[in-house]
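First comes the structure, then the notes that go with it.
In what follows, every chain begins at residue 1, and chains take the letters A, B, ... in the order their sequences are listed. Computed from heavy atoms alone, side chains included, the values below leave out hydrogens, waters and symmetry copies.
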Amino acid sequence: MPLGIQVSVEPIAAAERLSALTGQSPHDGAVASFVGQVRADGDLVALELEHYPGVTEAALGALREQAISRWSLSQAIIHHRVGRMEIGETIVLVAASAPHRRAALEAVSFLIDRLKTEAPFWKCVHTASGRHWVEARDSDTAASQYWRDQIAQEDA
Amino acid sequence: MPLGIQVSVEPIAAAERLSALTGQSPHDGAVASFVGQVRADGDLVALELEHYPGVTEAALGALREQAISRWSLSQAIIHHRVGRMEIGETIVLVAASAPHRRAALEAVSFLIDRLKTEAPFWKCVHTASGRHWVEARDSDTAASQYWRDQIAQEDA
Amino acid sequence: MQIHIRYMAALRDRLGDGETAHDLPADITDSEALIAHLTRSDAEAAALAAPEIRLIRNDRIVTRPSALADGDRLAFCPPFTGG
Amino acid sequence: MQIHIRYMAALRDRLGDGETAHDLPADITDSEALIAHLTRSDAEAAALAAPEIRLIRNDRIVTRPSALADGDRLAFCPPFTGG
C-alpha cells in the first residue's frame with residue numbers, strides 16, 4: 001500500500017492512529033482529523049463498502065500526495081474500511097498535521113471531499129427487506145469539484 | 001464548568017476524548033477534530049498559558065453553544081490546557097460531531113478560530129535566556145472576524 | 001482484439017458478475033464504440049453510455065473516451081460513493 | 001467610588017501584580033476616563049488606551065467604553081492569544 005494509506009476489512013482504530021500523529025514532529029503546531037461513521041438513516045441496518053483493490057489505494061495515495069504538496073503537510077493518513085459495517089462504526093479516518101492550523105484543517109477537508117468522488121468505493125445499504133446501492137450526491141460532486149477548480153487555478 | 005468545556009493544568013488525553021465522541025450517536029455521520037500543540041519555534045523551550053479562571057470557561061461555553069446552534073451539532077467539546085507545556089504537548093483539543101461532514105468540519109474551524117481571540121488566554125514563551133509574551137497575530141484576528149461577520153450576516 | 005470486461009457495484013447487478021472476454025470487430029478502437037457494440041447485444045448496456053459512468057483500464061482510472069488495446073482489462077464503474 | 005483593578009499577562013509585567021483598590025473622583029464614570037486618570041499618576045498606563053486592550057468587568061468580558069460602578073472589579077487584558 002502507498003505510504004500513509006490503509007484499506008482494511010478490520011475496524012479502524014481511530015484514536016490509536018491519531019495518537020500516533022500528535023506530538024510527533026516538533027515543527028507541527030496542528031493536527032486535524034475527520035472520522036466518517038455509519039449513520040442511522042431510514043431503514044438502514046448495515047452498510048457494505050465495495051472497492052476496487054489496488055486502484056483504491058493508488059487513488060488515495062495520489063490524493064494524499066497532492067495534499068502534502070499543496071499544504072506542506074508533515075504527516076497525512078487515510079484509513080478506509082471496506083466490507084460490512086454496523087451503525088456507529090468508523091468508515092473512514094483522515095488526518096493531517098502541519099506547522100499551522102489552516103493547512104491541517106483545509107487538507108482534511110480536501111481529502112475527505114475528494115476521496116468521496118475520486119476513489120473507487122461503492123456503498124450498499126442493507127435493510128431488513130433487501131439492499132440498494134447508494135447514489136452519488138450532487139453536493140459531494142460539487143464539493144469535490146470545488147477543490148479540483150482551486151488546484152487548477154493555482155497550477156495555472 | 002459549562003457542559004463540554006474543560007480547562008486543566010493536567011495534560012489533555014486527546015485520543016480518549018475523541019474515542020468518547022465516535023460511535024456515540026446513531027445519527028452522527030461525522031466527527032471532526034483539531035489538536036493544537038506546542039511547536040518548536042526559534043529558541044522556545046516551553047510555553048506557559050495564563051488564563052482568567054471562570055471567564056475563560058464561560059467564553060468557551062458561549063462559543064460552544066453558538067457552534068451547536070449554528071451547525072446543529074450533536075456533540076462538541078473544547079479542552080484547553082493552562083500552565084507550562086513542553087514542545088509537542090497538546091495545548092487545545094476541539095471536536096464536534098454532526099449528521100454530515102460539512103457541519104462538523106466548519107464547526108471545528110469556527111471554534112478554534114474564535115477561541116484564539118475570544119477567550120482570555122495568554123501565551124508566554126520561555127527560552128533559555130528569559131521569557132516573552134506572544135503578540136496577537138493579524139491573521140488570527142482576521143480569521144476570528146471572518147466568523148463574526150458570517151454570523152452577523154445570518155442573524156441579519 | 002480481445003477485451004476483458006467487468007461491471008462494478010450497481011452495474012454488476014444489472015449487467016452480470018465476473019470478468020468476461022469479448023472479441024471485438026476491428027472498427028472498435030475506443031470505449032464509446034465499445035459501449036455502442038455492447039448495447040447491440042444487450043439493451044441494458046446502454047446505461048454504460050451515461051457520462052457519470054467511469055472507467056478503470058488495466059487497473060488505472062482513465063477518462064472517457066479511452067483508447068483500447070488488445071488484452072485490455074476494463075471495469076465499468078458507477079459514480080464512486082466512498083467516505 | 002472605589003474600583004479594584006488587575007492587570008493581566010504582559011500588562012502585569014509593566015503595570016504591577018495583584019488587585020489594587022482605587023478611590024476615584026466623581027467625574028470618572030467609564031473605562032476611558034479611568035484610563036486617563038491612571039495615566040496621570042503613571043505614564044505607562046497610557047498603554048491601556050490602545051484599542052486592542054480588552055476589559056473584564058466583574059468576571060464578564062465587556063466592550064469599551066464600559067460604564068463603571070462602585071465596587072467594580074476590573075481586569076485590563078492584552079489581546080487574547082490562546083489556542
Scored by heavy-atom pairs under 4.5 Å with chain A, the best of C/P79, C/P78, C/C77 is C/P78
Next item on the list: Would you verify whether the NZ or CZ of C/R12 falls within 45 degrees of the ring axis of C/F76 while also being under 6.0 Å from that six-membered ring's centre?
Entry: no
Side-chain heavy atoms of A/Q37 within contact of A/M85, under 4.5 Å
no
If one checks every heavy atom of A/A58 against chain C at 4.5 Å, the contacting part turns out to be neither
Turns out that what part of A/H132 lies under 4.5 Å from chain C's heavy atoms comes down to neither
So, the part of A/E135 with a heavy atom under 4.5 Å from chain C: the answer is backbone
Next on the checklist: What I want to find out is whether A/E48 reaches A/R84 closely enough, with some N-O distance under 4.0 Å, to be called a salt bridge.
Outcome noted: no
Smallest heavy-atom separation, A/W133 atom then A/E50 atom, equals CH2-OE1, 3.1 Å
Determine whether the side chains of C/S31 and C/R64 contain a donor N or O and an acceptor N or O closer than 3.5 Å. no
The interface call for A/R131 against chain C, heavy-atom contacts under 4.5 Å, is side chain
Chain C shares the most heavy-atom pairs under 4.5 Å, among A/D113, A/T117, A/T56, A/I78, with A/T117
